[in-house]
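When reading the values below, keep in mind they use all heavy atoms of this one structure, side chains included, and skip hydrogens, waters and symmetry mates.
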Amino acid sequence: MLATTAAAPPTQQQVQEAERARAAQIEAQRAAEAQAAAAQAEERRLGAARVEAAARLRELESATEAAAARVEALAQRRAAAQARLAARAADIAPLLPLIERLSLYPAETLLAVPMPPEQSVRGVLVLGGIARQLETEAAALRAEQAEVAALQAQLDAEMPKLAAAQAAQAQAEAALDAQIAAAREARRVAEDAGAEAARRAAAEGARATNLRAAIAKIEAERRAAEARAKAEADAAERQKREAEASAARARQEALARPAGPGVGAPRGVLTAPVAGTVVRGFGEPTEAGPAPGLSYAAPPGARVVSPCGGRVVFAEPFRSFGLLLIVDCGGGYHFVLSGFDRLDVQVGQSVQAGEPVGVMPNWDPRGSAPRPSLYVELRRDGQPVNPAPFLRAKS
């Protein structure tokens, strides 16, 4: 006969140790949740500070934009005046030898070719007309020279104003860059719950052949990551692994709410992404057909801000767009921006409306090179819509 043995009941000490371990686990979980909440609150506070700093910088950039526009206009007028001056000089050049000879030897010039008296008189009259025309041309030439000199003087007077505006802008930019660097270091230490999933989604989008397909891939990967997090949370809850379940639920919530309030908010509450003017509107003709977005002409080295609150889902070079930024604003809306010289955000990062996300290239308003432009596109469920009604745009 086989003897049966029953498991010995836990001792009082074992029960107490188990309860202490469970209490410690719950306390550690609460502490981790409190730390995560504090980190998120601090990130929001720092984000709001960066929004305020970017708004102050926008005022300085507007002053730079005005000075640069004046310099650019004067440079263009000076170039046009110089071109007219060169054209007049070229027209007069063949007559200069005759003018010089007539001024030095008027009688000898007329007698150089023997002719009847009536032709000599006619020649004198013709030469008189030529002389008057030459006087007119010379006066116009002097006026063109005076205009070129005046424009150059105005240009020289504007340059210190532009330099002062750029210096003030650079000082504000340095302070903002320090804030951005501190925030980047803080994010490196404590990564957001949805950052890794966002990076996977961005990698999928980078393999797409066009912008619509890229956004579709990013959204598909995000939904797949959300489903995986939900499945992990459900499995952990069934197996009573509370810490794992809580972490998985946090990832699921972060992925399910990748953005801020979305673009469905009342018109006028969003932020124009850069100081400057709209130089091409939505639907205007281009070589590739109607423009699916807006193009802004920006001042040199202008800071670009996020038009909406949301999450960065793409931030790297893409096809012919160059450096491309996509912000998921919620509600099926995505803002697409390109034309950057530098990006200051990374995939998975949450941003507030008006928070700096990158920098435009520098350019010389005295030169002939075209001014860099920021391309802005708003897509809803993958389709472009007119962003102008949503933005406080200077157009």
Side-chain angles (χ1 to χ4, degrees), residues 40 43-44 47 50 180 183-184 187-188 191-230 250-265 270-271 273 292-293 304-340 342-358 374-385 387 390-391:
Q40 290 177 355
E43 175 65 17
R44 286 193 294 271
R50 291 192 294 274
I180 291 171
R184 186 181 293 119
R187 283 193 299 272
R188 187 188 66 78
E191 283 284 312
D192 186 87
E196 183 56 38
R199 280 192 286 270
R200 289 198 301 269
E204 285 293 318
R207 289 194 282 270
T209 57
N210 57 56
L211 189 56
R212 181 178 181 182
I215 293 176
K217 282 179 175 286
I218 289 169
E219 276 295 290
E221 179 60 27
R222 184 190 64 79
R223 287 192 294 269
E226 182 186 348
R228 287 194 298 269
K230 182 179 185 302
R251 288 198 304 274
Q252 179 190 352
E253 291 174 4
L255 291 163
R257 298 193 305 273
V263 196
L270 300 182
T271 303
V304 182
V305 302
S306 176
C308 67
R311 184 181 295 277
V312 176
V313 294
F314 194 93
E316 59 183 89
F318 182 78
R319 307 293 182 237
S320 61
F321 287 87
L323 284 176
L324 181 74
L325 176 71
I326 303 177
V327 180
D328 180 356
C329 304
Y333 285 93
H334 293 83
F335 261 108
V336 179
L337 303 96
S338 68
F340 297 90
R342 186 185 84 207
L343 287 172
D344 290 329
V345 289
Q346 58 192 16
V347 170
Q349 179 179 338
S350 295
V351 293
Q352 301 182 32
E355 186 169 346
V357 293
L374 179 74
Y375 177 70
V376 181
E377 192 172 306
L378 176 62
R379 287 184 171 247
R380 183 180 185 184
D381 298 327
Q383 297 294 331
V385 295
F390 297 96
L391 299 173

(message) Can you confirm whether Val376 sits close enough to Val336 that some side-chain heavy atom of one is under 4.5 Å from a side-chain heavy atom of the other?
(response) no
(message) For the CZ atom on Arg319, are there more than 12 heavy atoms of other groups (residues, nucleotides or ligands in this structure) within a distance under 6.0 Å?
(response) yes
(message) Given 3.5 Å as the limit, does a donor-acceptor pair link the side chain of Thr271 with the main chain of Pro273, or not?
(response) no
(request) Might you point out which heavy atoms bring Leu211 and Phe318 nearest each other, and give the distance in Å? (result) N-CE2, 4.0 Å
(message) Could you check whether any side-chain heavy atom of Ile326 comes within less than 4.5 Å of a side-chain heavy atom of Ile215, counting everything from C-beta outward?
(response) yes
(request) Would you give the length of the straight line joining atom CG of Asp328 to atom CD of Glu219, rounded to the nearest 0.5 angstrom? (result) 5.5 Å
(message) Pair Val327, Val313 - check side chain to side chain contact (heavy atoms under 4.5 Å, CB included), show working.
(response) CA-CA 6 Å; Val327 180; Val313 294; over 6 Å; no
(message) Salt bridge check, Glu226 against Arg222: does any charged N sit closer than 4.0 Å to a carboxylate O?
(response) yes
(message) What's the separation between atom CZ in Phe335 and atom OG in Ser306, rounded to the nearest 0.5 Å?
(response) 8.0 Å
(message) Given 3.5 Å as the limit, does a donor-acceptor pair link the side chain of Gln349 with the main chain of Gln346, or not?
(response) yes
(message) Does this structure show an ion pair linking Arg200 with Glu204, if we count only N-O contacts that are shorter than 4.0 Å?
(response) no
(request) Taking all non-hydrogen atoms of both residues into account, name the closest pair between Phe314 and Val347 and its distance. (result) CA-CG2, 4.0 Å
(request) Taking all non-hydrogen atoms of both residues into account, name the closest pair between Phe340 and Leu323 and its distance. (result) CD1-O, 3.5 Å
(request) For residues Ala353 and Pro307, report the shortest heavy-atom separation together with the two atoms involved. (result) CB-O, 3.9 Å
(request) Say whether, by atom type as modelled, one donor and one acceptor occur between the side chain of Arg379 and the main chain of His334 under 3.5 angstrom. (result) no
(message) Between Arg207 and Lys217 (side chain of the first, backbone of the second, donor and acceptor by atom type, cut-off under 3.5 Å), is there such a pair?
(response) no
(request) Work out which heavy atom in Gly382 is nearest to a heavy atom in Arg212; give both atom names and the distance. (result) O-CG, 3.7 Å
(message) Quick check: closest heavy atoms across Ile218 and Ala201, and the distance to 0.1 Å?
(response) CG1-O, 3.4 Å
(message) Could you measure the distance from the OG atom of Ser338 to the CD atom of Glu377? Nearest 0.5 Å is fine.
(response) 8.5 Å
(request) Evaluate the side-chain proximity of Leu378 to Pro384: yes if any heavy-atom separation is below 4.5 Å, no if none is. (result) no
(request) With rounding to the nearest 0.5 Å, note down the distance linking CG in Leu337 to CG in Leu324. (result) 8.0 Å
(message) Could you check whether Glu221 pairs with Arg223 (Lys NZ or Arg NE/NH1/NH2 to Asp/Glu carboxylate O, under 4.0 Å)?
(response) no
(message) A side-chain contact here means heavy atoms from C-beta on lying under 4.5 Å apart; do Val345 and Leu325 qualify?
(response) yes
